[in-house]
There are 2 protein chains.
Amino acid sequence: MAIAKTESFSKKEQDLAAFAKALAHPARVAILKVLAGKNECVCGQIVDVLPLAQSTVSQHLIALKAAGLINGTVDGPRSCYCINWKAFEKFKNEFNSLFDHLQVKDQQRCC
Amino acid sequence: MAIAKTESFSKKEQDLAAFAKALAHPARVAILKVLAGKNECVCGQIVDVLPLAQSTVSQHLIALKAAGLINGTVDGPRSCYCINWKAFEKFKNEFNSLFDHLQVKDQQRCC
DNA sequence: CTATTTCATCGTAAAAGTACGATGATAAGG
DNA sequence: CCTTATCATCGTACTTTTACGATGAAATAG
C-alpha cells in the first residue's frame, strides 16, 4: 500500500468499506451462512464444514468479530459465536441509503 | 495466501465475496458515490475529487469494472464510466436473500 | 494432578492489494 | 505533421491478507 491513504476518506466511506472487507472472502460468507442458519452459537463445528485449517478459521472468525458482524463468548473450553443482527441491519441500511435514493435520478445517459 | 482456496466455495459465496471485495476500499466507495451522484458518465473528474494519483484511480476504476459494478466506454480521448445499476440490484438482492430470511428464526440464544 | 479437548496465538511463507511515477496509446487541435 | 490532453499500462515498493503447522492457554474428564 506504500502509504495507507484510508484515512483520507469520510467515516461513512470507511465504515462501508470495512463492512464490505469483512464479507470479501468466501470463507467468511460461508461462516456467516452457517451461523445464520443455526442461529445458536457455534464454534469448532465450523471447522468441520469448511475446507480450511482450524487456525485459519479462527482467524476469519476474529476478523468477523473485529468488524462487529458476529459476537463471541467463551463457553468453558470452547468459543461460541453468533451473528450480530443489529450491526448487520445497520450496515444494510447504510448500504441502501448510500445508493438507493441516488438511483431515482434520470437513468443512464451513456455506457 | 499460500494456496488460494477460493474455488473451494460455492459460486454464490464467491460472487457475494467478489462483490464485497469491490466495495472493500473507501476510494472505490467514494468513486461509486461520485458516479451515482452524477449519473452521467464521468472520467478524470474523479481524479480531481479523490486524494489519489491518476494511475491509482484508474486501477480502482478497472477493479470496479472487472467486478461488474460500473460500465465504461471510450469517448474520444477520454474514458466514460457510469454505475451498472442492474448488477448493483442483483447483488443487493443476493445479499438480502442470503441473510434476511434466516433472521426469521428464533432470536439469539447466547452471545 | 494428569490427560484431553477446544480454541487462540505465534511464526512463517506466499499471494494479493495499494500506491506512485514513468511510459505508452489514442484522439483532438493547431 | 506536431503538440496537447486524457487515460491505461508498466514497473516497482511496501503493506496487508491468507494459509498452515506448531505451540500455548483454559477448562473439563478421568
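All values derive from a computational prediction rather than experimental measurement. Just so it is clear: chains get the letters A, B, ... in the order the sequence lines come, proteins before strands, and each one is counted from 1.
- In this structure, A/Y81 and A/L61 have side chains that are in contact, with non-hydrogen atoms separated by less than 4.5 Å.
- The nearest whole Å value for the distance from the CD atom in B/Q59 to the P atom in D/dT12 is 15 Å.
- Ring geometry for B/F19 against B/F91 counts as parallel: the plane angle stays under 30°, on a 0 to 90° scale with 60° as the upper cut.
- Between B/H60 and B/H25, the ring planes lie tilted relative to each other; the angle falls in the 30° to 60° range.
- Atom pair A/L64:CG and D/dT18:P shows a separation of 10 Å (rounding to whole Å applied).
- Between A/K92 and A/E89, at least one side-chain N (NZ, or NE/NH1/NH2) sits under 4.0 Å from a carboxylate O, which counts as a salt bridge.
- Rounded to whole Å, the distance from NE2 on A/H25 to P on C/dA15 is 14 Å.
- Each of A/V74 and A/A27 lies near DNA chain D, and the nucleotide nearest A/A27 is the one positioned closer to the 5' end.
- At whole-Å resolution of the value, CG in B/L52 and P in C/dA19 are 6 Å apart.
- Phosphate contact (OP1/OP2 of D/dT17, side-chain N/O of A/H60, threshold under 4.0 Å): absent.
- The minimum heavy-atom distance between B/A27 and B/L50, with the atom names listed, is O-CD1, 4.1 Å.
- Taking only side-chain nitrogens and oxygens, A/K21 comes nearer than 4.0 Å to OP1 or OP2 of D/dT17.
- Salt-bridge check for B/E13 with A/K33: passed, with a basic side-chain N closer than 4.0 Å to an acidic carboxylate O.
- If you take CD1 of A/I46 and P of C/dT6, they are 14 Å apart, rounded to a whole angstrom.
- As rounded to whole Å, 14 Å separates atom P of D/dA5 from atom CG of B/D48.
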Polar-atom pairs under 3.5 Å, protein N or O versus N or O of nucleotides 6-8 of chain D: list them with distances, or write none.
{"from": "D/dC7", "atom 1": "OP1", "to": "B/G44", "atom 2": "N", "distance (Å)": "3.1"}
{"from": "D/dC7", "atom 1": "OP2", "to": "B/G44", "atom 2": "N", "distance (Å)": "3.4"}
{"from": "D/dC7", "atom 1": "O3'", "to": "B/S79", "atom 2": "OG", "distance (Å)": "3.0"}
{"from": "D/dA8", "atom 1": "OP1", "to": "B/S79", "atom 2": "OG", "distance (Å)": "3.4"}
{"from": "D/dA8", "atom 1": "OP1", "to": "B/Y81", "atom 2": "OH", "distance (Å)": "2.4"}
{"from": "D/dA8", "atom 1": "OP2", "to": "B/S58", "atom 2": "OG", "distance (Å)": "2.7"}
{"from": "D/dA8", "atom 1": "N7", "to": "B/Q54", "atom 2": "NE2", "distance (Å)": "2.9"}
{"from": "D/dA8", "atom 1": "N6", "to": "B/Q54", "atom 2": "OE1", "distance (Å)": "3.2"}

